[in-house]
Amino acid sequence: MPELPEVETVRRGLEPLIGHRIVACDVRRRDVVRDRTIESPNPRRGVINPDSLGTGSVISALVRRGKQLAMIMKYHTHERVVLLQLGMSGQVSLVSTPRIPDAKHVHVVWTLDDTRRIVFRDPRRFGGVTLLPDQQTLDRAWSQLGPDALSIRAPLLGSAIEGSQRAIKAALLDQGVLAGVGNIYADESLFRAGIDPRAISGSLGPDRVRALADSIRAVLRAAVRARGSTLRDYRDTNNTPGSAQLLHQVYNRAGQACPRCGHPIESTRIAQRSTCWCPCCQH
DNA sequence: CGTGGCCCCTGTGGGC
DNA sequence: TGCCCACAGGGGCCAC
């Protein structure tokens with residue numbers, strides 16, 4: 001569900017929590033939590049002590065890279081990082097009422113010093129929560145990601161896809177190439193740039209690379225302004241849907257008329273993901 | 001090595 | 001109404 005614009009909207013929704021202390025943490029499903037502060041042959045096995053998921057810590061920053069969101073926490077002189085990955089169906093909400101709405105598939109609940117709660121919910125469980133010992137470990141993990149798509153510029157994008165023989169859409173979906181673009185915004189960015197999603201990445205040429213970088217930034221910024229795309233599940237931290245889906249030109253519009261030229265939108269599969277584009281506007 | 005294919009999981013919508 | 005299949009915003013791991 002969430003790509004960069006949705007995760008950025010969630011990040012902004014959590015920012016007012018900076019300076020607040022976490023007083024309790026309820027891990028309801030251990031297998032969505034990984035603890036990277038302990039030596040373990042299989043970290044997927046879950047946290048040994050749920051208190052270590054930030055209880056007693058003060059939230060000092062909320063940072064995002066691509067689709068990943070990290071809560072930086074301080075506990076006396078110690079540091080802790082809670083990394084949130086939303087997968088396809090993850091939601092993070094902030095609730096003030098004692099009752100947690102729609103408790104099904106709620107896996108982790110943090111209680112704050114003002115009784116508010118951060119609720120992590122994820123029906124499909126493709127997402128997860130990872131505890132890291134410090135920011136240095138986070139930086140090391142994030143060094144595996146490509147540059148953040150929200151500020152991508154042509155020179156960086158060009159070097160990221162240089163020499164690649166794969167379809168440009170597949171490259172855009174690869175978080176090691178570019179961090180933050182998913183299936184929706186890949187199709188939308190390629191449409192805006194007038195590029196066929198099957199085009200060979202390494203053969204785009206400087207003009208198209210520039211157009212693509214500019215389009216990715218423009219599409220993502222517009223989507224952030226619209227507070228993300230709500231197709232079905234996505235909600236912000238206040239449980240409010242976004243409106244960026246109203247901006248979609250080609251995503252999920254196979255067979256419909258292209259909004260620019262009227263030619264029917266075509267669809268195929270690239271990198272196991274459904275792909276929509278206008279054969280008339282995109283070459 | 002880069003890359004495509006398969007799988008993880010739950011829910012939903014369409015065809016019959 | 002119900003059953004079955006295809007498919008959904010992501011990404012880790014494997015074999016080639």
Side-chain angles (χ1 to χ4, degrees), chain A residues 1-10 28-34 36 42-46 64-69 83-92 102-107 120-130 141-142 144-146 149 159-190 197-198 200-203 216 219-220 223-224 226-236 241-248 250-255 267-276:
Chain A
M1 147 223 302
E3 302 181 33
L4 187 153
E6 293 75 34
V7 177
E8 176 60 18
T9 303
V10 168
R28 302 185 181 183
R29 258 202 94 113
R30 298 191 151 211
D31 62 1
V32 306
V33 177
R34 275 168 296 189
R36 298 234 189 270
N42 183 4
R44 194 75 211 180
R45 267 313 186 61
R64 181 193 57 72
R65 174 88 169 254
K67 306 170 192 173
Q68 301 190 19
L69 177 59
L83 181 61
L84 300 167
Q85 290 170 274
L86 304 185
M88 286 282 237
S89 58
Q91 301 174 335
V92 177
D102 201 357
K104 204 174 179 192
H105 304 300
V106 168
H107 308 312
F120 176 74
R121 182 173 179 271
D122 184 12
R124 293 179 75 178
R125 277 177 279 128
F126 289 171
V129 179
T130 306
W142 282 3
Q144 305 300 307
L145 297 175
S159 53
I161 61 177
E162 194 179 13
S164 171
Q165 287 298 111
R166 73 220 282 217
I168 183 61
K169 162 131 182 200
L172 293 181
L173 292 175
D174 184 338
Q175 301 301 295
V177 170
L178 181 69
V181 171
N183 204 34
I184 295 175
Y185 301 110
D187 281 4
E188 293 301 316
S189 299
L190 288 164
R198 303 163 298 181
I200 301 303
S201 304
S203 313
I216 290 167
V219 164
L220 293 179
V224 169
R227 305 184 59 78
S229 297
T230 296
L231 301 181
R232 172 181 291 138
D233 302 320
Y234 168 72
R235 297 290 185 279
D236 69 12
S243 60
Q245 68 281 2
L246 303 175
L247 305 172
H248 298 173
V250 289
Y251 175 78
N252 203 22
R253 289 194 144 71
S267 79
T268 185
R269 282 185 93 78
I270 298 175
Q272 287 80 240
R273 316 299 298 279
S274 73
T275 299
C276 296

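Each chain gets a letter, A, B and so on, in the order the sequences are listed, and its residues count up from 1. Keep in mind it's a predicted model, so treat the numbers as computed, not measured.
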Whole angstrom value for the distance that separates [atom2] of [N] from [atom1] of [X]:
X      : N      : atom1 : atom2 : answer
A:D174 : C:dG12 : CG    : C1'   : 12 Å
A:N183 : C:dG9  : CG    : P     : 5 Å
A:D122 : C:dA8  : CG    : P     : 18 Å
A:L84  : C:dG9  : CG    : P     : 22 Å
A:R125 : C:dG11 : CZ    : P     : 18 Å
A:Q91  : C:dA8  : CD    : P     : 19 Å
A:R124 : C:dG10 : CZ    : P     : 10 Å
A:F126 : C:dG12 : CZ    : P     : 12 Å

When we call it a touch if two heavy atoms are under 4.0 Å apart, what does [X] touch: a base, just sugar-phosphate, or nothing?
X      : result
A:Q272 : base
A:E6   : nothing
A:D233 : base

Can you check whether [X] reaches [Y] side chain to side chain, under 4.5 Å on heavy atoms?
X      : Y      : value
A:Q68  : A:V7   : no
A:N252 : A:L231 : no
A:L86  : A:Q91  : no
A:R64  : A:L4   : yes
A:Q85  : A:R34  : yes
A:L172 : A:V177 : no

* **Structure string for DNA chain C in dot-bracket form, Watson-Crick and G-U at under 3.5 Å, | interchain** => .|||||||.|||||||

[X] side chain N/O closer than 4.0 Å to the phosphate oxygens (OP1, OP2) of [N]?
X      : N      : answer
A:K67  : C:dG10 : yes
A:S89  : C:dA8  : no
A:Q175 : C:dG11 : yes

* Is any side-chain N of the basic residue among A:D122 and A:R29 closer than 4.0 Å to the acidic one's carboxylate O? ->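 No, this pair does not count.
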
* Consider only side-chain N and O atoms of A:E6 and A:Y185, and report whether a donor and an acceptor are under 3.5 Å apart. =>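 Note: A:E6 and A:Y185 side chains meet the donor-acceptor criterion.
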
If you measure from the [atom1] atom in [N] to the same atom in [M], how many Å do you get, rounded?
N     : M     : atom1 : answer
B:dC6 : C:dA6 : P     : 14 Å
B:dG5 : C:dC7 : P     : 15 Å
B:dC7 : C:dC5 : P     : 16 Å

* Nearest-nucleotide comparison on DNA chain B, the residue closer to the 5′ end among A:R232 and A:S164 ->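 Taking each residue's closest nucleotide, the earlier one in sequence belongs to A:S164.
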
* To do: Take A:I216 and A:L178 through the side chain to side chain contact (heavy atoms under 4.5 Å, CB included) test and state the conclusion after the steps.
  => CA-CA 10 Å; A:I216 290 167; A:L178 181 69; 3.8 Å; yes

* Taking heavy atoms of chain A and a 4.0 Å limit, find me the 5'-most and 3'-most nucleotide of DNA chain B within that range. =>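 Listing 5' to 3', DNA chain B meets chain A from B:dT3 to B:dG13.
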
* Which atom pair, heavy atoms only, marks the closest approach of A:A226 to A:L247? ->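 That closest heavy-atom pairing would be CB-CD1, 4.2 Å.
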
